[in-house]
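Structure first, then comments.
First listed ligand is number 1; within each ligand, the first listed atom is number 1.
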Amino acid sequence: MIEPIFFGRGAAFYPAEGNTNAYFRRGEELFFLDFGEAAFAHAAPMLDRKDYHRATVLLTHLHADHAGSLPSLCSYMAMVLHMPLRIVHPSPAVLDFLRITGISPSCYEWLPALPAGAAVSAAAYPVRHANDMACFGYVLSDGSDAIYFSGDAHEPPEAVLHAFLEGKISRLYHDTASHESNGHCYYRTLCNAIPPERRKDVFCMHLDGDYEELYQQLGFSVVQV
Ligand SMILES: [Zn+2]
Ligand SMILES: [Zn+2]
């Protein structure tokens, strides 16, 4: 079972709830789902324990609440812990981002996709979020359990939605907005897409205000930190 543990569950402009970033362990490997501006402060004590042999960031996109402290993580892993970070992101734009923030390519390994044979599989799905940036959600699977982590997205990809409704994906962790938006998923979009009997397996995240009760009343789960 893949159970992400969340550092935060807030939207970019709702810092009271932190960044919607998470991590999970799989054997000796540590996986981060995004690494926003607030993530490094949460992750540093865990990183210092060095009870893992590799750390990987699965990056959905480059907005600051999803990648803002990635440069700090790269340099800390390389220079202090001597364990270069693995970064998975389909777009090479992440290389420019790291270069202009002063991170040498020797500090990290970039992969457009997680290789076959990794502790989990991670399939990236392009999602509609920003016009000037490639954005992705990930289906993560360990062979017995599959979940979807949306990053920021206007709606779940059709293929992901079908797989969820057919039971091939057990839980969706999805961006949920309180208002209509070009880049985020209005909660009524989720209401239309997800029948009431499956809503408890949809975890609302990236909250833009105090809407936990509303989403729960509609039958959805809400990410807890
Ligand atoms: Zn965001
Ligand atoms: Zn974003």
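Between Arg9 and Glu212, at least one side-chain N (NZ, or NE/NH1/NH2) sits under 4.0 Å from a carboxylate O, which counts as a salt bridge. A salt bridge links Asp51 with Arg25: at least one charged nitrogen is closer than 4.0 Å to a carboxylate oxygen.
Note on residues 134-162: pairs passing ring pair (Phe, Tyr, Trp, His ring centres under 6.0 Å), not counting sequence neighbours, are His89-Phe136.
Around the Zn ion (ligand 2), the protein contributes the following N, O or S atoms at distances under 2.8 Å: His61 NE2, His63 ND1, His129 NE2, Asp152 OD2.
Under a hydrophobic-cluster definition in which Ile, Leu, Val, Met, Phe, Trp and Tyr are linked whenever side-chain heavy atoms come within less than 4.5 Å, directly or via other members, Leu111 and Val57 are assigned to different clusters. Placement of Tyr125 and Leu190 within a single hydrophobic cluster is found when ILVMFWY residues are connected by side-chain heavy-atom separations under 4.5 Å, directly or transitively.
Remark: of the listed residues His129, His66, His63, His66 is the sole one forming a ring pair (Phe, Tyr, Trp, His ring centres under 6.0 Å) with His206.
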